[in-house]
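Reading through the structure tokens given below for one structure.
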Amino acid sequence: MVSVKKKVAFGVGGALIVAAVGFGVFAMNSKGYDTASKAVSAGSFKGDFKNSKSPIKGGVLKVSTPGTASDPVTFAGYSEFIQAAAVQGELAPASNQIFYTDSDGKVKDGGPANMKVDKDNKTVTITLRDNLKWSDGKDVTAKDVEYSLEKLATNEEASQNFTSSYLAIKGMEDFQNGKAKSISGIKFDNGEDGKKLTVSYSSLPAGVNWGDGVPSYALPYHDLKDVADDKVATSDKVTKHPLSFNAFKVKSVSSDSVVKYERNPYYWGKAARLKGIEFHVNDDQSKLENDLSKQKFDVVTSVPSSLWKDGNKDQLAKYNNAKGYASVGTYGSNYYEAYFNLGHYDKEKKTNVQDRQTPLQDANVRKAIGYAMNTGDIAKKYSNGFQEATNTIVSKSDLKKDFYNKSVKGYNSKSSGDPEKAGEYLKKAGYKKESDGYYYKDGKKLTITFMARTGSTTSEAQAKAYIAAWKAAGIDAKLYQDKLIDFATWSSIMTTGTNQDWDVTIAGWSEGTIPSFGQLWATSAKYNMGHVVSDKVAKNLSDTDDASSDTAMIQDIKDFQKLVVDDNAYVIPTTNSISASLVNGRVTGFTTANVNDLYAQLGVTSDNPTKSGNPRK
């Protein structure tokens with residue numbers, strides 16, 4: 001799944017609840033290390049750290065994705081069974097993805113497998129490299145690719161990473177429903193043990209060139225076939241002794257999911273520069289500042305924004321191009337948006353109904369609420385530089401540049417909100433400002449209930465800041481149940497879809513390679529949190545799925561943004577996240593750009609970490 005339509009909910013502060021599997025491919029080029037595309041700076045963070053020194057032979061790199069020791073995530077050795085973003089990152093040195101991607105996220109040749117699309121016959125042919133082997137010396141086969149798809153379709157744990165695009169494969173639905181023992185649309189050109197398979201579709205997914213709907217992983221059938229389906233995800237073969245066809249293989253996994261990697265002797269490409277990698281995902285975030293003071297880690301991915309500063313006092317910011325570390329930033333493939341409650345989800349009919357009796361049914365009211373929001377000021381004050389106000393519902397990630405609609409105006413042109421413009425739209429909706437400073441219509445004051453969540457030490461302050469901005473614009477606002485609610489409660493309310501006691505809430509989403517919107521906006525989608533039912537929305541989604549070319553699909557996605565943001569204000573885009581890493585001065589080859597060989601090309605210039613100074617100088 002180089003491309004995945006599945007969107008994934010974030011908690012407050014960007015805590016990823018479940019991992020989307022649309023992630024960068026870390027593989028190798030047989031002719032040498034893959035050349036990085038240009039890294040893009042994000043906010044106040046530079047996008048690259050270039051170490052001019054030559055790497056030594058070998059060396060062990062220590063990497064941390066800060067977690068929570070009291071709520072640990074469990075390592076899984078194959079992407080099919082991963083649920084947490086931290087574990088997806090931890091698996092990167094031994095990823096079981098079979099395709100390379102280019103700087104735009106499209107599948108390209110030269111990796112573990114090549115892909116050929118035949119639009120006339122509605123097929124995709126996947127050809128594995130002849131010398132592609134698992135780390136036990138066995139060949140990676142066509143059956144391994146098909147077996148991965150089988151698990152995604154039917155295994156309880158893996159199915160959470162199944163994307164609806166796979167349903168376009170002939171016979172997939174019958175296989176998934178137990179009506180067939182195999183997927184009829186999968187043909188082994190040279191037998192199960194061969195290196196080639198052809199996938200037939202009832203209709204090719206619009207984003208097929210990005211890998212949308214294409215089997216993009218391999219699982220070692222010979223190693224896992226005898227493990228019971230309900231036990232495979234938690235078996236030692238997956239959690240402790242997985243196989244790899246990448247540059248590294250798992251050497252050991254500790255009880256707290258610290259994974260040690262070593263070079264894979266059967267790797268098909270140029271050997272990795274490093275001798276090994278040590279990856280931590282469950283170290284307590286609160287200890288990170290002390291860990292860095294001792295140079296415990298060479299790379300810290302996804303630096304916790306809440307620990308960057310405490311008010312005006314530097315915490316992790318002490319290591320912002322100082323004390324031996326370089327800070328490196330990039331725009332994340334995620335964004336936040338404000339939703340309006342316009343209806344409910346009918347569980348029996350499995351459909352959304354836009355039927356709520358509320359002033360929010362008027363687009364002018366929704367636009368007024370959007371213009372009143374002081375998103376820019378809130379992001380600047382509370383995000384420590386890890387959030388930026390945004391205009392649309394595609395992220396600022398460089399991988400999404402083809403899809404990002406720059407012409408969408410959004411509602412954040414004024415950092416502190418625009419009460420005057422909000423008033424103009426309320427007047428269009430028939431409201432009049434009374435002596436108490438609030439807007440009324442037919443004798444009723446416009447009042448909204450904001451359902452805000454806990455999640456960080458500043459969550460309450462941020463919620464109160466939004467409420468104050470709405471009130472300053474003449475829109476009365478109050479907190480849902482007069483308090484913030486926890487994420488589990490919020491998630492239950494949103495996915496059940498029947499609560500009528502809230503008006504506005506904010507959610508965040510992670511994108512796959514293609515920022516498509518079907519899972520968030522289809523009439524039947526449970527993640528259609530505003531319960532929007534619109535013929536124009538439905539037509540755009542259908543047109544996107546049926547697009548006859550990449551150009552047409554991209555234009556449909558751009559049109560969708562204007563339709564739901566500027567034209568109808570079904571949502572109000574709020575912020576785009578910035579992800580920052582800290583990189584020790586001894587590390588070479590690190591980049592935030594989309595490359596296919598990041599961990600293979602990384603090296604270290606000495607056996608001991610850099611302990612002082614700015615590595616950029």
Do the two ring centres, one from Trp521 and one from Tyr527, sit under 6.0 Å apart?
no

Item to complete: Go through the steps to decide whether Ser79 and Asn96 satisfy the test side-chain hydrogen bond (donor to acceptor under 3.5 Å, both in side chains), and finish with yes or no.
Response: CA-CA 7 Å; Ser79 295; Asn96 62 320; 3.2 Å; yes

Looking only at side-chain N and O atoms, does Asn352 offer a donor or acceptor that is under 3.5 Å from a partner on Thr523? no

Review point. Are any of the side-chain nitrogens in Asp543 or Lys539 under 4.0 Å away from the carboxylate oxygens of its partner?
Key: yes

Notebook entry, point to check: Under a 4.0 Å N-O cut-off, is there an ion pair linking Lys275 with Glu262?
Noted result: no

Here the gap from Leu61 atom CG to Leu274 atom CG, rounded to the nearest 0.5 Å, amounts to 5.5 Å

Exactly one candidate in Thr123, Asp189, Thr127, Asp118 meets side-chain hydrogen bond (donor to acceptor under 3.5 Å, both in side chains) with Thr198; the answer is Asp189

Salt-bridge present (Lys62, Asp298; N to O < 4.0 Å):
no

Sorted by chain and number, sequence neighbours left out, side chain to side chain contact (heavy atoms under 4.5 Å, CB included) with Ser542 holds for Asp546

Atom CD of residue position Glu173 - does it have more than 12 heavy atoms of other residues, nucleotides or ligands inside 6.0 Å?
no

Separation between NZ (Lys526) and CE (Met494), nearest 0.5 Å, reads 12.0 Å

*asked:* Looking at Lys143 and Glu150, is any side-chain nitrogen of the basic one under 4.0 Å from a carboxylate oxygen of the acidic one?
replied: yes

- State, with a plain yes or no, whether a side-chain heavy atom of Tyr221 is found less than 4.5 Å away from one of Thr141. no

When rounded to the nearest 0.5 Å, the distance separating NZ of Lys187 from OG of Ser200 is 8.5 Å

Would you call Lys108 and Asp102 a salt bridge, taking side-chain N to carboxylate O under 4.0 Å as the test? no

Glu90 vs Phe75, side-chain contact (heavy atoms from CB on, under 4.5 Å): CA-CA, chis, key distance, verdict: CA-CA 8 Å; Glu90 186 179 31; Phe75 177 72; 3.3 Å; yes

Q. Are His531 and Tyr345 close enough, and set up right, to give a ring pair (Phe, Tyr, Trp, His ring centres under 6.0 Å), and what steps lead you there?
A. CA-CA 7 Å; His531 314 296; Tyr345 182 77; 7.4 Å; no

Exercise for the section: Could you tell me whether Lys138 and Asp223 have a side-chain N and a carboxylate O separated by less than 4.0 Å? Expected result: no

Quick check on the 6.0 Å ring-centre criterion: do Phe99 and Trp210 meet it? no

Value for NZ (Lys251) from CZ (Arg263), rounded to nearest 0.5 Å, stands at 12.0 Å

